[in-house]
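All remarks here apply to the structure that follows.
Chain letters run A, B, ... following the sequence lines, proteins first and then strands; every chain starts at 1. Just so you know, these numbers use all the heavy atoms, side chains as well, and skip hydrogens, waters and symmetry mates.
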Amino acid sequence: MELPTAYNAKETEDNIYKLWEQSGYFNPDECIKKGVCQKNAKAFSIVLPPPNVTGTLHMGHASMLAIEDTLVRYHRMKGEKTLWIPGTDHAGIATQAKVESDLYKKTKETRYDVGREKLLALVQQFAKESHDTIVHQVKKMGASLDWSREAYTLDEPRNKAVRTAFKTMYDQGLIYRGDRIVNWDPKMQTTVSDDEIEWKEETAPFYYLKYGPFIIGTARPETKFGDKFVVMHPKDKRYAQYSHGQTLQVDWLNGKITATVIKDTAVDMEFGTGVMTITPWHDRVDFEIAARHNLEKEQIIDLKRKLLPIAGTLAGTHISKARPLIVQRLQEKGLLASTDATYIHRVATNSRGGGVIEPQIMRQWFVAVTKEFSFPHAGLKGIRKGEKTTLKKLMLHAVKTKQIEILPKRFEKVYYHWINDLRDWCVSRQIWFGHQIPVYYCTQEISNSQFPISKQIQNPNDQNINMFVAAEKPTKCPICGSCTPQQDQDTLDTWFSSGLWTFSTLGWPFDSATKHGLAQGKPGQQNDFANYHPTSVLETGYDILFFWVARMILLSTYLTGQIPFKTVYLHGLVRDNQGRKMSKSLGNIINPLDMIDKYGADATRLSLIIGAGPGNDLKLSEDRVRGYRNFTNKLWNIGRFVAMNAGDLDLEKKPALSKEDKKILADFLNIRKSATKHLEAFRLSQAAEELYHYAWHAFADKVLEDSKTVLQNAQKKAGRQFVLKEVMRGLLTCLHPFTPFVTEAIYREMPFQNKKDLLLVETWK
RNA sequence: GGGCGGUUAGCUCAGCUGAUUAGAGCGACUGUUUUACACACAGUAGGCCAUAGGUUUGAAUCCUAUACCGCCCACCA
């Protein structure tokens with residue numbers, strides 16, 4: 001057959017992907033059915049970190065897909081029962097923020113203008129389109145995912161898992177409702193978790209104010225109305241004359257107030273004057289000081305950042321307008337001692353497209369990470385059923401006992417450190433797109449109450465609400481027996497549903513009678529959890545170690561009694577060739593689809609694998625991709641040479657091999673052995689590099705060149721032809737996980753004996 | 001403030017448990033259109049492996065310190 005002299009990735013790849021999909025081999029059940037995998041073979045499973053349905057894939061996703069697909073293909077070719085589950089993440093705040101911003105740009109309407117139902121319809125529409133784009137891109141990369149098991153963090157089976165998880169944790173007291181200080185985003189009108197905060201540096205005037213005999217400093221004079229407590233370090237000699245609990249009359253913003261002296265070690269004696277007043281409602285550190293001394297807390301700023309009646313004449317004024325007025329008043333009253341205009345401080349913002357965070361004390365739902373409970377499962381190594389533990393301890397336990405290994409190892413330390421400082425996790429959000437909290441209120445008892453629950457902040461001590469938690473929507477109220485209970489309007493943090501990902505995609509929760517998985521909802525796949533959990537590898541970027549990896553460990557160990565995965569492989573960030581983050585504003589984004597279009601998916605994949613170690617950032621340039629495109633072409637021509645020169649070999653009898661022939665075979669076997677070793681140790685880069693080097697500079701440059709003369713010799717010809725075909729077959733097999741398209745395309749043209757229908761399921765010995 | 005990582009050819013990086021003439025890719029230069037491939041081939045140039053000490057028969061590799069670059073966490077009113 002006449003083959004073109006240059007490999008054309010663009011014309012080949014989509015057809016090859018179709019062949020793979022049609023073969024069914026991405027689904028391990030099909031592999032078993034068709035006999036390319038044993039039913040009792042060792043399992044290898046990965047859940048794809050679900051991309052957010054907020055737009056399109058970037059190079060980071062491409063790198064993730066390349067790494068995972070390489071591992072998956074390798075293990076599939078090793079004959080393991082291999083499952084890679086695809087899915088997408090609804091990404092609550094991020095997605096809703098994107099749709100809200102698009103809506104506002106288009107029609108100048110806010111979410112409150114269009115209402116919950118219409119906004120959700122818009123979000124779902126956007127999510128659907130985004131999903132389709134993502135799936136298309138994922139396929140373009142050649143990812144061998146089992147699409148028959150595709151999941152979505154917000155679909156019905158996952159919703160069932162979320163409701164069950166919430167209910168289980170609530171029943172054991174690990175989810176509770178509490179009035180605590182949270183990060184409130186006034187722009188998105190929702191709480192956000194500690195991890196979702198991004199600190200931005202800002203220069204703002206810093207004011208020194210006279211507070212009775214003291215000088216206090218602040219960058220936020222608008223919070224100072226209610227300051228009745230003045231705090232200093234108990235060992236500060238400068239203020240030894242003042243004693244804890246002592247009161248003094250102070251002339252303040254709205255006239256005379258009674259101030260109380262508090263001594264607390266949280267005060268830094270070196271900073272400023274060593275004295276500060278506190279605003280417990282709007283500052284975490286102040287909140288903790290107030291909690292320690294049981295001090296009164298007062299709200300100053302409302303949820304829209306407007307001042308409350310405590311501000312007197314300024315009540316109802318937005319703080320951005322109020323601030324200069326307050327400074328002016330301070331000046332008039334002679335309370336302003338001095339101003340430092342060059343003060344640099346850091347402002348907390350919502351990294352998911354929101355605004356400046358205003359801490360607030362609010363009634364929200366929390367996961368208790370330090371509360372003791374008795375462990376409900378048997379089978380988790382090192383913890384007995386009924387043993388007292390905490391969620392924090394579970395998270396530490398799984399890694400400390402080496403049941404979970406984090407690569408690179410140095411991230412284990414980072415992980416421990418993060419857990420040690422972990423506070424209870426606020427899981428309720430006031431956005432509309434997400435899993436609605438499975439909490440219900442009896443409408444008989446709370447007829448005057450307002451929903452959503454966050455609005456009840458005006459009356460935080462109200463304990464009269466009759467509520468209950470249910471995994472299934474109740475038809476009749478179990479409290480009054482007659483009303484239709486109303487569901488809480490809040491939604492859950494998106495990471496709560498992604499934290500269940502390894503098992504919510506494998507059939508959890510189970511029907512207690514049949515032990516069959518319910519979430520999967522497909523007959524024949526009910527044993528997915530038994531077969532594939534814990535998953536083998538969790539591969540993701542190191543930037544979401546805390547957001548996601550830690551939470552999966554928490555939720556999986558607690559809810560299933562199993563670790564979610566055995567190995568965590570953390571890849572680095574893909575940066576531009578100068579080491580800068582890729583961003584729209586810098587205009588340095590390299591789009592994976594562009595690279596695939598120009599150079600092929602194989603070249604794009606190699607450029608993301610070679611030179612990338614776990615945890616290390618990768619600098620990518622178009623030159624690199626072009627270089628690997630050249631390699632795919634080289635490989636194609638190696639294939640052509642072998643097909644042209646060894647095609648007429650008699651397949652029936654094995655010819656005699658010369659010493660050189662044997663050496664060539666042995667050399668290749670060494671390379672394969674080494675590649676195997678590297679892959680088992682997750683050194684993908686090393687494996688790919690050695691194979692690359694062998695194919696080009698050993699097999700092509702030496703063996704093929706030498707063969708040109710050997711093949712002229714009638715005695716030696718058959719032996720050499722045999723060797724060329726053997727090595728070619730092995731080389732295609734070993735390279736297939738890295739460059740699946742071109743190797744599959746060559747394989748189709750090769751005159752091999754007992755060829756499999758696809759290289760995809762050729763055996764890696 | 002605490003922690004972590006990096007510093008090897010012009011650029012991007014390998015170099016795993018110490019002994020290599022210190023490597024690869026891209027780029028540069030010279031030559032070659034040879035019937036697998038010019039997206040190629042043959043060759044050339046280019047490195048006191050950040051700095052200073054130490055351990056060792058032997059260090060790019062292990063230890064200590066310093067400098068610079070980067071990242072993460074905490075956060076000071």
All side chain to side chain donor-acceptor pair (under 3.5 Å) counterparts of A:K598, not counting sequence neighbours: A:E622
Could you work out the separation of B:G2 and B:A74 based on their C1' atoms and round it to a whole Å? 8 Å
Assign A:W199 to base, sugar-phosphate, or nothing according to its heavy-atom contacts below 4.0 angstrom with the strands shown. base
Nearest-Å distance for atom pair CG/C1', residues A:N420 and B:A74: 13 Å
If only atom types and distance count, is the side chain of A:R720 paired as donor or acceptor with the main-chain N or O of A:N713 below 3.5 Å? no
Taking the P atom of each, how far is B:U61 from B:A22, in whole Å? 14 Å
Base, sugar-phosphate alone, or nothing: which one does A:V267 contact when heavy atoms must sit under 4.0 Å apart? base
Can you name the residues that form a ring pair (Phe, Tyr, Trp, His ring centres under 6.0 Å) with A:F699, not counting sequence neighbours? none
Considering only atom P, compute the distance from B:C16 to B:G23 and round it to an integer number of Å. 15 Å
Tell me, please, which residues at least two apart from A:Y415 pass ring pair (Phe, Tyr, Trp, His ring centres under 6.0 Å). none
Can you run down the salt bridge (charged side-chain N to carboxylate O under 4.0 Å, His left out) pairs that involve residues 282-299 of chain A, sequence neighbours left out, and say none if there aren't any? A:D194-A:R284, A:K228-A:E296, A:K228-A:E298, A:D264-A:R292
Strictly by salt bridge (charged side-chain N to carboxylate O under 4.0 Å, His left out), give each pair with a member in residues 623-633 of chain A just once, sequence neighbours left out. A:D623-A:R626
Using atom names, set out every protein N or O paired with an N or O of nucleotides 17-27 of chain B below 3.5 Å, distance rounded to 0.1 Å.
from	atom 1	to	atom 2	distance (Å)
B:G25	OP1	A:H697	NE2	3.1

Distance in angstrom units between A:D340 CG and B:C76 P, rounded: 17 Å
Counting only side-chain heavy atoms from C-beta out, which of B:A77, B:C73, B:C4 sits nearest to A:D421? B:C73
Nearest-neighbour nucleotide for the A:K634 side chain, B:C76, B:C39, B:C37 considered: B:C37
5'-to-3' dot-bracket of RNA chain B (Watson-Crick, G-U; under 3.5 angstrom; crossing pairs as [ ]; | other strand): (((((((..((((.........)))).(((((.......))))).....(((((.......))))))))))))....
Can you measure A:I419 atom CD1 to B:G3 atom C1' for me and round it to whole angstrom units? 16 Å
So A:R629, base contact, sugar-phosphate only, or nothing? Heavy-atom distance under 4.0 Å. base
A:R323 side-chain N/O to A:I319 backbone N/O, donor-acceptor pair under 3.5 Å: no
Between A:R284 and A:R683, which is nearer to the 5' end of RNA chain B once each is assigned its nearest nucleotide? A:R683
Value in whole Å for how far the P atom of B:A77 lies from CZ of A:F271: 5 Å
P atoms of B:C63 and B:C4, separation to the nearest Å: 13 Å
Closest nucleotide among B:C16, B:C37, B:A77 to the A:M276 side chain: B:A77
Interatomic distance at C1', B:U44 relative to B:C48, whole Å: 23 Å
Could you state the atom-to-atom distance from CG of A:D617 to P of B:C72 in whole Å? 10 Å
Would you mind telling me which of B:C37, B:C76, B:C13 lies closest to the side-chain atoms of A:K619? B:C13
Could you work out which one of B:A14, B:A77, B:C41 sits closest to the side chain of A:Q686? B:A14
Could I get the full list of ring pair (Phe, Tyr, Trp, His ring centres under 6.0 Å) partners for A:Y542, not counting sequence neighbours? A:F411
Who are the side chain to side chain donor-acceptor pair (under 3.5 Å) partners of A:T339, not counting sequence neighbours? none
Students often get this wrong, so: under 4.0 angstrom with heavy atoms, is A:A700 touching a base, only sugar-phosphate, or nothing? base
Applying side chain to side chain donor-acceptor pair (under 3.5 Å) to A:W418 and not counting sequence neighbours gives A:D195
In terms of side-chain heavy atoms of A:Y343, which of B:C76, B:A36, B:C72 is nearest? B:C76
For atom P, what is the distance between B:A50 and B:G6, given to the nearest Å? 12 Å
Of all of residues 607-616 of chain A, which get a heavy atom below 4.0 angstrom from RNA chain B, listed by number? A:N616
If the P atom of B:A45 is compared with that of B:A59, how far apart are they to the nearest Å? 27 Å
Taking CG from A:N637 and P from B:A38, how many angstroms apart are they, rounded to a whole number? 7 Å
Can a side chain N or O of A:K224 be found less than 4.0 Å away from OP1 or OP2 on B:A77? no
Any chance you could measure A:R672, atom CZ, to A:L731, atom CG, to the nearest 0.5 Å? 11.0 Å
Provide, to the nearest angstrom, the distance between the CG atom belonging to A:L545 and the P atom belonging to B:G5. 15 Å
Side chain of A:K413, base of B:C4: donor and acceptor closer than 3.5 Å? no
Which nucleotide sits closest to the side chain of A:D701: B:C37, B:C41, B:C39? B:C41
Separation of B:G70 C1' from A:R575 CZ (nearest whole Å): 8 Å
Return yes if some donor-acceptor pair links the side-chain N/O of A:D602 with the main-chain N/O of A:F741 below 3.5 Å, else return no. yes
Do A:R729 and A:E726 meet the salt-bridge criterion of a basic N to acidic O distance under 4.0 Å? no
Regarding B:A42, can its base be found pairing with the side chain of A:E705 as donor and acceptor, where the two atoms are less than 3.5 Å apart? no
Return all side-chain donor-acceptor pairs below 3.5 angstrom for residues 206-219 of chain A, not counting sequence neighbours, or 'none' if the list is empty.
from	atom 1	to	atom 2	distance (Å)
A:Y211	OH	A:D227	O	2.7
A:T218	OG1	A:R220	N	2.9

Nearest-angstrom distance, C1' atom, B:C68 to B:U51: 11 Å
